[in-house]
Amino acid sequence: MYIKEIRLEGFKSYATRTVVPGFDPYFNAITGLNGSGKSNILDSICFVLGITNLQQVRASNLQELVYKQGQAGITKATVSVVFDNFDRSRSPLGYQDCPEITVTRLVCGIMVGGRNKYLINGHLAQPSRVQNLFHSVQLNVNNPHFLMMQGRITKVLNMKPPEILSILEEASRTRMYDTKKKVALKTLEKKQSKVDEIDKLLDQDILPALLLSFLN
């Protein structure tokens, strides 16, 4: 699965609908004059992938992602990334029958703090579903090693073993399942606590009352 096309509207410097087609499956470079919006293309990809640290895309809040922060009559930002999904062996789980996958992220209502909406192939989707889609093909934009911004190359070369392990876990697809395991264990712990409360209630209140009633 690789990026085939990006569509932007109202996102950062892209006020009107802009389509960026013709991505190569292996290597891409974006060139242009200073201030032409090159960095905003990468920001838009990270935006759709679900980045949570907005400082990584040079913004402090959702409103700053909208063209001129909504002061020019544009009050929402929309980015769609079209992925080529022809290689079924590398498809996200559950999407093997889709030749293309279009993931859209929309920010609206910026005057009241901003609201996020996600769509997968035109259908509303929960953020967790979008993240599971990307995690299943080793795309986790919130992993600290996913993006190599300017000035980080030296830091990567000097990484400590735990940080290298984090990269390996991401590449081997184990991080997604480890996260799900932790969530499942927390759920089991909460359920077990409820079961213990019920057992205690049975032993201390209900069974003695039933026994006393039987004896009388």
Side-chain angles (χ1 to χ4, degrees), residues 1 46-57 59-65 76 81 83 85 89-98 101-147 155 159-216:
M1 189 175 84
C46 295
F47 174 67
V48 170
L49 291 179
I51 196 164
T52 55
N53 182 7
L54 293 180
Q55 291 183 352
Q56 290 273 37
V57 292
S60 58
N61 54 59
L62 291 174
Q63 183 172 345
E64 292 184 3
L65 298 177
K76 67 178 181 179
V81 177
F83 295 91
N85 194 41
S89 65
R90 298 185 178 183
S91 293
L93 296 175
Y95 294 89
Q96 288 84 352
D97 294 330
C98 300
I101 301 173
T102 301
V103 180
T104 301
R105 186 177 180 185
L106 166 72
V107 169
C108 58
I110 60 171
M111 299 307 177
V112 290
R115 296 192 305 274
N116 272 303
K117 288 184 180 179
Y118 283 94
L119 296 94
I120 299 177
N121 291 337
H123 300 285
L124 282 173
Q126 293 294 324
S128 58
R129 183 182 172 195
V130 176
Q131 290 306 303
N132 286 339
L133 185 156
F134 289 132
H135 289 179
S136 70
V137 290
Q138 302 103 52
L139 287 176
N140 181 3
V141 72
N142 293 309
N143 181 282
H145 313 305
F146 182 84
L147 295 173
K155 183 178 179 180
M159 280 181 175
K160 295 179 180 179
E163 295 174 304
I164 296 174
L165 176 61
S166 177
I167 294 177
L168 293 175
E169 288 177 340
E170 200 67 35
S172 63
R173 303 177 67 174
T174 60
R175 175 63 60 83
M176 175 182 68
Y177 298 108
D178 186 53
T179 301
K180 288 186 175 182
K181 178 183 176 181
K182 290 179 180 178
V183 172
L185 287 174
K186 285 184 179 180
T187 302
L188 286 172
E189 185 178 345
K190 290 180 181 179
K191 299 297 183 183
Q192 185 60 49
S193 177
K194 291 291 184 182
V195 170
D196 292 341
E197 288 180 13
I198 293 171
D199 287 341
K200 184 177 180 181
L201 181 64
L202 284 170
D203 292 338
Q204 296 182 0
D205 296 324
I206 297 177
L207 289 179
L210 288 174
L211 180 61
L212 182 61
S213 174
F214 177 76
L215 293 176
N216 291 334

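Within the model, atoms CD1 of Ile51 and CG of Asn53 stand 6.0 Å from one another, a figure rounded to the nearest 0.5 Å. With values rounded to the nearest 0.5 angstrom, Leu49 atom CG is found 8.0 Å from Gln131 atom CD. Separation of atoms CD1 (Ile206) and NZ (Lys200) is listed at 13.5 Å; rounding is to 0.5 Å. Taking CG of Leu133 as the start and OG of Ser128 as the end, the distance is 11.5 Å to the nearest 0.5 Å. With values rounded to the nearest 0.5 angstrom, Met1 atom CE is found 7.0 Å from Ser136 atom OG. Between the CG atom of Leu106 and the CZ atom of Arg115 there is a distance of 9.0 Å, given to the nearest 0.5 Å.
Residues Ile101 and Ser91 fail the side-chain proximity criterion, which asks for heavy atoms closer than 4.5 Å. Between Gln192 and Asp196 the shortest side-chain heavy-atom distance falls below 4.5 Å. Contact of the Leu54 side chain with the Leu65 side chain is registered, since non-hydrogen atoms from C-beta on lie closer than 4.5 Å.
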Would you list the atom pairs, donor with acceptor, under 3.5 Å between side chains in residues 117-127 and any protein atom, with sequence neighbours excluded?
| residue | atom | partner | partner atom | Å |
| --- | --- | --- | --- | --- |
| Tyr118 | OH | Arg105 | NE | 3.2 |
| Tyr118 | OH | Arg105 | NH1 | 3.4 |
| Asn121 | OD1 | Thr102 | N | 2.8 |

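Considering every non-hydrogen atom in both Glu64 and Ala59, the closest pair reads OE1-CA, 3.4 Å.
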### Task
Could you check Val107 against Asn116 for side-chain contact (heavy atoms from CB on, under 4.5 Å), going step by step and ending with a plain yes or no?
CA-CA 5 Å; Val107 169; Asn116 272 303; 3.5 Å; yes
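At distances below 3.5 Å, not a single donor-acceptor pair connects side-chain atoms of Glu189 with backbone N or O atoms of Ala184. With hydrogens and angles disregarded, no donor-acceptor distance shorter than 3.5 Å links the side chain of Asp199 to the backbone of Leu202.
For the pairing with Lys191, the side-chain contact (heavy atoms from CB on, under 4.5 Å) check across Val195, Thr187, Leu188 returns one residue only, Thr187.
Take Arg129 and apply the side-chain hydrogen bond (donor to acceptor under 3.5 Å, both in side chains) test, not counting sequence neighbours, and it matches Tyr95.
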